[in-house]
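What you are looking at is a predicted structure, and each value in this text was computed from that prediction instead of being measured. Numbers restart at 1 for each chain; the letters A, B, ... are given by sequence-line order, proteins then strands.
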Amino acid sequence: MPISQLTYDVISKSWKRFLEGDTTAFGNLAEILYPSLFHYGTKFTTNHALVEDAIQDLFLTLWARRSSLRSVTSPKSYVFTALRNNLIRTLRIEPAWQDLPDAEVVTVRQLIVDQAYEEHQEWISETMGKTLQLLPARQREALYLRYYENLSYEEIGMVMGLQRQAVANYIHEGINRLRKHWQQILFLLCFFTLL
Amino acid sequence: MTAYAQYSYGEFIEDESFRKGVYEPESDEAYFWKQWVQAHPHKEKEVETARAMLLSIRGEKAALSAAYVKKQVSQLLQQVEQPGVHKRPFAEKPWITAVALAACLVLAVLLGWYVLTTHPSQKMATNPEAARTRQVIREIVNNSSTERKVTLPDGSIIYLLSHSKISFPEPFHTAYREVNLSGEAFFEIAKNPSQPFFVYANELVTKVLGTSFLIKAYEKDEEVRVIVKTGKVSVFADTNRVKPSLQKNTKPDSLVLTPNQQAVLIRRETRLIKTDSMPAVLPAVPAVQKPFTYDRASIADVFQDLEQTYGIDILYDANTMKNCTITAQLEKESLAEKLELICLIVEGEYELVDNLVIIRSKACH
């Protein structure tokens with residue numbers, strides 16, 4: 001489930017108590033965040049065990065380092081960032097991924113990135129895949145964090161390591177492209193059902 | 001309430017309660033929006049567009065039960081409350097660690113053996129005689145001036161262009177399929193993920209699971225070229241065939257190609273370059289060559305010819321364009337030129353996104 005504003009308040013309260021060493025609050029926090037983290041993680045790899053491991057690691061690290069987390073302002077985007085970095089490290093996906101320009105000599109390093117990326121990026125759903133596949137991965141990720149996870153532009157920027165304006169651009173363009181495709185597809189669908 | 005009636009798809013998407021209604025079908029919000037659309041049927045199109053967009057943004061949802069999450073969290077708490085314990089719960093018992101280690105060792109040995117015995121390029125290079133004794137090598141040469149269609153034992157089809165040659169072992173190895181190519185050929189590979197398909201062409205290896213693509217690899221050419229039409233293909237330099245003197249300064253490259261991308265291997269430098277190729281660069285599949293000569297042909301027929309020839313999808317409003325007809329000879333034009341001419345005739349415009357062509361046009365009279 002995505003996390004709504006109401007849950008947001010519960011998260012920040014639990015976070016405060018967790019920082020003071022409250023294990024019950026820590027458990028609540030983990031329970032609320034787990035599904036979101038899991039779903040987000042499965043966008044990077046189909047290997048669910050790997051995602052589960054990464055989430056367990058993430059929470060254990062959080063607990064161990066709780067005394068140094070007082071400056072964290074947005075717990076949710078903080079855990080998303082941590083999971084993302086962990087997965088990217090594990091999967092060796094280049095974080096600053098960009099689509100290759102038209103013609104370019106491909107270096108070996110890029111190639112590894114390229115292949116890991118191709119194999120692990122699963123931002124594709126079976127039924128809707130074709131439409132969303134048309135968008136670059138970073139656009140898809142920004143849209144997901146904005147609309148499914150209700151993160152603000154600033155928080156998305158933090159998770160993806162981008163400036164706020166870049167996030168806004170990704171989302172603006174992503175929505176425009178998605179709309180174009182869906183309006184046409186839905187129109188055709190209506191048309192065919194009328195027949 | 002009244003404001004919703006003025007909403008466009010974009011405002012619906014921005015509305016948190018609308019999103020909750022879409023993502024949580026059991027929620028109050030979902031119920032509210034269902035009722036609301038029934039009361040405002042004229043907004044149905046906007047609402048449906050917004051809903052479809054949101055669902056495609058979410059993508060496939062991995063199944064995760066609440067009970068499972070509870071179990072994971074209680075495991076986590078156990079580890080947190082007993083400091084000093086190993087991270088993984090099963091590693092608490094030493095004998096399990098020992099068994100796991102032993103199992104890893106056995107696996108590693110098995111894997112090593114598997115890789116050594118079945119890796120195709122290695123086998124081809126180190127032990128060609130052994131391969132020949134067990135399998136028959138079939139060689140097909142096309143010295144005619146037209147292309148020749150070859151059907152492989154696995155159902156894959158190869159259009160062998162003139163003055164080109166392929167050879168392959170028969171039967172294929174159970175773990176992979178491999179073909180040697182000299183010259184130029186268009187491949188339509190039967191899909192089989194458990195038996196990848198390798199094409200060896202000069203110093204270039206192309207690996208696919210099931211797709212179609214063109215390889216141009218004449219012995220005397222300075223380049224080897226692979227152009228992908230459908231599916232995904234990975235291409236790499238064959239380290240066994242590259243001259244050792246060249247291997248030192250440049251590491252062998254490899255890359256992944258998607259439709260309408262091409263890889264060029266510059267043989268002298270063992271350098272792989274990836275570029276986008278316009279669909280027009282792709283040859284028409286020989287089997288579906290169309291005359292492209294039209295006399296008041298319906299637009300649907302014309303688009304169908306284009307789709308089949310260039311492996312593209314064309315999205316257009318069939319209803320609006322139902323009266324549009326084309327009278328033209330387009331056989332020599334490239335895909336881009338064809339599309340431009342057609343759009344000129346029907347007073348429309350086109351947009352090319354990957355393999356999809358979107359046509360916008362008014363009705364014809």
_Salt bridge Glu14(B)-Arg146(A), side-chain N to carboxylate O under 4.0 Å_ = yes

Rounded to the nearest 0.5 angstrom, the CD1-CD distance for Ile57(B) and Glu141(A) is 13.0 Å

d(Gln79(B) CD, Leu60(A) CG) to nearest 0.5 Å is 5.0 Å

inquiry  = Can you confirm whether the side chains of Tyr147(A) and Arg19(B) place a donor and an acceptor under 3.5 Å from each other?
reply    = no

So OH of Tyr23(B) and CD of Glu149(A): to nearest 0.5 Å the spacing works out to 9.5 Å

To the nearest 0.5 Å, atom CE of Met53(B) lies from atom CZ of Arg179(A) at 7.5 Å

Whatever's closer than 4.5 Å to a heavy atom in chain A on Leu54(B) counts as side chain

Measure the shortest side-chain to side-chain distance between Tyr9(B) and Ile175(A) over non-hydrogen atoms and say whether it is less than 4.5 angstrom. yes

Of all heavy-atom pairs linking Pro35(A) and Val69(B), the shortest is CG-CG2, 4.3 Å

Taking every heavy atom of Arg58(B) against every heavy atom of His39(A), the minimum-distance pair comes out as CG-CE1, 3.6 Å

Open item on the list: Can you confirm whether more than 12 heavy atoms, excluding those of Glu11(B), are under 6.0 Å from its CD atom?
Closed with: yes

- Task: Answer yes or no: does atom CD of Glu351(B) have more than 12 heavy-atom neighbours from other residues, nucleotides or ligands under 6.0 Å?
- Result: yes

Rounding to 0.5 Å, atoms CZ (Phe38(A)) and CD (Gln72(B)) come to a distance of 9.0 Å

With sequence neighbours left out, the residues meeting side-chain contact (heavy atoms from CB on, under 4.5 Å) with Ala168(A) are Tyr153(A), Gln165(A)

- prompt: Counting heavy atoms not belonging to Glu222(B), are there more than 12 under 6.0 Å from its CD?
  reply: no

Closest non-hydrogen atoms of Gln56(A) and Leu76(B), given as atom of the first, atom of the second and distance, are OE1-CD1, 3.5 Å

Note to self: Does atom NE2 (His48(A)) have a neighbourhood of more than 12 heavy atoms from anything else shown, all under 6.0 Å?
What the structure shows: yes

Applying a strict 4.5 Å limit to non-hydrogen atoms, the region of Asn176(A) in contact with chain B is side chain

Honestly, the part of Glu29(B) sitting under 4.5 Å from a heavy atom of chain A is neither

